[in-house]
Structure formats: C-alpha cells, structure tokens
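Shown next, in structure tokens, is the structure this report addresses.
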Amino acid sequence: MPDTAFSARVLSIVRRIPVGRVATYGDVAHMAGRPRAARAVGNIMRTCHRHDVPCHRVVAAGGLVGGYGGNEGLKRSLLRAEGLTVAGRRIRQWTAVRWQPSPSRRPAATQRTRPPV
DNA sequence: AATCTGACTGTTG
DNA sequence: CCAACAGCCAGAT
C-alpha cells in the first residue's frame, strides 16, 4: 500500500484502537477526515499485513464482524481473545465496545479502555 | 486519463 | 433476515 497521507492517518488511527474495543470502517474513515471513504479503508486493511496494526479491530457497520481476507473465522477468534463476544456475524454489547476517541468533552474521565464484560 | 477492484454502507424489495 | 443495487473512494492497471 502506498505511502499516502490518507493511508498513514488510517493506520495510525487503527493502531490507537484499544484492546477489547472496535471501530467500524466508516468510523475510521470519518476519523481520517474522509467520512464516506469506508470502502477505501477496507481496501487499506485488506492490503495491510503489518503485525503492529490491529486490523481485526476494524469491523463493519451495525456491529457486524465484516471481512478478513476470506478468513472471518480468524477475525472472530482474535476478537474473542480480546474479551469480545461474537454471535454469528454480530458483535454483542456493540455500543459498549465501539471505540470513539472523543465522544464528549471529557474523554479521559468517561473513556473506558475495556468493555464492561 | 480511463477503468476496474473491493475486509463498505444505506436503501429497497 | 437476506439479496440485489447503487453510491462512494483510494489504489492498482
């Protein structure tokens, strides 16, 4: 994947997603400044094989697991290994595990690093 | 520059 | 709930 400003922003954002939390392709696109580039984010994830980028924490809209290079089972396993519960293609406790870097004005105080199990 | 390709998404039937 | 469709976007040809 090329070394563009967009992909660099996307990668740095994905790297910040905490263990046990997830963000949608659209969320990442929005954080990267391209609200409608969800599909492009998916393409970046698809071609990013860096071990320091937790691409399995980037999921589809509505709490769906989404794709993973034809190995969605592995993606589910990785998410479960981080404490998430996955039923079929859907992630449980969706609103609780969805990562939002700045939900309000006091991120640190309200921010939860791990889901309430 | 034009076209094709999807780890996407919202709408519609 | 599922499938088809139509937008959308960055990257690769």
Side-chain angles (χ1 to χ4, degrees):
Chain A
M1 120 183 49
D3 183 23
T4 63
F6 178 70
S7 65
R9 282 197 300 274
V10 167
L11 294 181
S12 83
I13 287 167
V14 174
R15 259 190 300 261
R16 291 188 188 110
I17 303 177
V19 172
R21 303 297 298 272
V22 293
T24 69
Y25 294 96
D27 288 341
V28 175
H30 200 277
M31 295 173 211
R34 296 288 179 289
R36 305 186 217 171
R39 198 164 188 174
V41 170
N43 282 330
I44 292 175
M45 293 300 99
R46 180 168 60 80
T47 60
C48 174
H49 307 101
R50 302 184 47 160
H51 63 284
D52 64 320
V53 178
C55 46
H56 61 282
R57 295 183 195 143
V58 182
V59 301
L64 293 176
V65 173
Y68 202 68
N71 196 347
E72 304 183 22
L74 174 58
K75 188 170 183 177
R76 287 201 302 272
S77 299
L78 291 169
L79 291 174
R80 284 182 177 133
E82 299 189 346
L84 293 179
T85 305
V86 183
R89 299 169 174 160
R90 191 166 294 280
I91 297 172
R92 302 238 190 170
Q93 308 287 279
W94 175 230
T95 60
V97 302
R98 185 179 189 178
W99 180 61
Q100 294 175 135
S102 45
S104 69
R105 284 167 251 169
R106 16 215 283 277
T110 317
Q111 201 77 295
R112 209 186 304 241
T113 319
R114 312 222 28 180
V117 193

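Letters go in sequence order (proteins before strands), and every chain restarts at 1. Keep in mind that the numbers below use all heavy atoms, side chains included, and drop hydrogens, waters and symmetry copies. Remember, it's a predicted structure, so these values are computed and weren't measured experimentally.
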Q. Got a sec: does the CZ of Arg36(A) have more than 12 other heavy atoms crowding it under 6.0 Å?
A. no
Q: Please confirm whether any donor atom in the side chain of Tyr68(A) sits under 3.5 Å from an acceptor in the base of dA7(B), or the reverse.
A: no
Q.
Quick check on Arg15(A): does its CZ atom have over 12 non-hydrogen neighbours (other residues, nucleotides or ligands) under 6.0 Å away?
A. yes
Q. Which distance, rounded to the nearest 0.5 Å, do you find between the CG of Asp27(A) and the CZ of Arg98(A)?
A. 4.0 Å
Q: Please work out if Arg46(A) contacts a base, only the sugar-phosphate, or nothing of the nucleic acid, heavy-atom cut-off 4.0 Å.
A: base
Q) For Glu72(A) and dC8(B), what is the distance between atoms CD and C1' respectively, to the nearest whole Å? A) 13 Å
Q. How many Å lie between CG on Leu11(A) and P on dG11(C), as a whole number?
A. 10 Å
(Q) What's the closest nucleotide to the side chain of Thr4(A) if the choices are dC9(C), dG11(C), dA7(B)? (A) dG11(C)
Q. Taking atom P of dA7(B) as reference, at what distance in whole Å does atom CZ of Arg76(A) sit?
A. 17 Å
Q) Does any N or O donor sit under 3.5 Å from an N or O acceptor when you compare the side chain of Asn43(A) with the base of dG11(C)? A) no
Q. Hey, is the side chain of Arg39(A) pairing donor to acceptor with the base of dG7(C) inside 3.5 Å?
A. yes
Q: Consider the side chain of Arg34(A), meaning its heavy atoms from C-beta on, and name the nucleotide among dA7(B), dA10(C), dC8(B) that approaches it most closely.
A: dA10(C)
Q: Go through dA10(C), dC8(C), dA7(B) for me and flag the one nearest to the Cys55(A) side chain.
A: dA7(B)
Q.
Could you tell me how far apart Tyr25(A) (OH) and dG11(C) (C1') are, to the nearest whole angstrom?
A. 17 Å
Q) Which part of the nucleic acid does Gly69(A) contact within heavy-atom distance under 4.0 Å: base, sugar-phosphate only, or nothing? A) base
Q | Atom of Val58(A), atom of Lys75(A) and distance for their closest heavy-atom approach | A | O-NZ, 2.8 Å
Q | Distance in angstrom units between His30(A) NE2 and dC8(B) C1', rounded | A | 15 Å
Q: Look up atom CD in Glu82(A) and atom CG in Leu78(A), then write down how far apart they are to the nearest 0.5 Å.
A: 7.0 Å
Q.
Nearest whole Å is fine: how far is dA7(B) C1' from Leu78(A) CG?
A. 14 Å
(Q) Distance check needed: dC9(C) P versus Met31(A) CE, whole Å only. (A) 18 Å
Q | Proximal nucleotide (of dC8(C), dA10(C), dT9(B)) relative to the Ala61(A) side chain | A | dT9(B)
Q: Round to the nearest Å and state the distance from Leu64(A) atom CG to dG10(B) atom C1'.
A: 13 Å
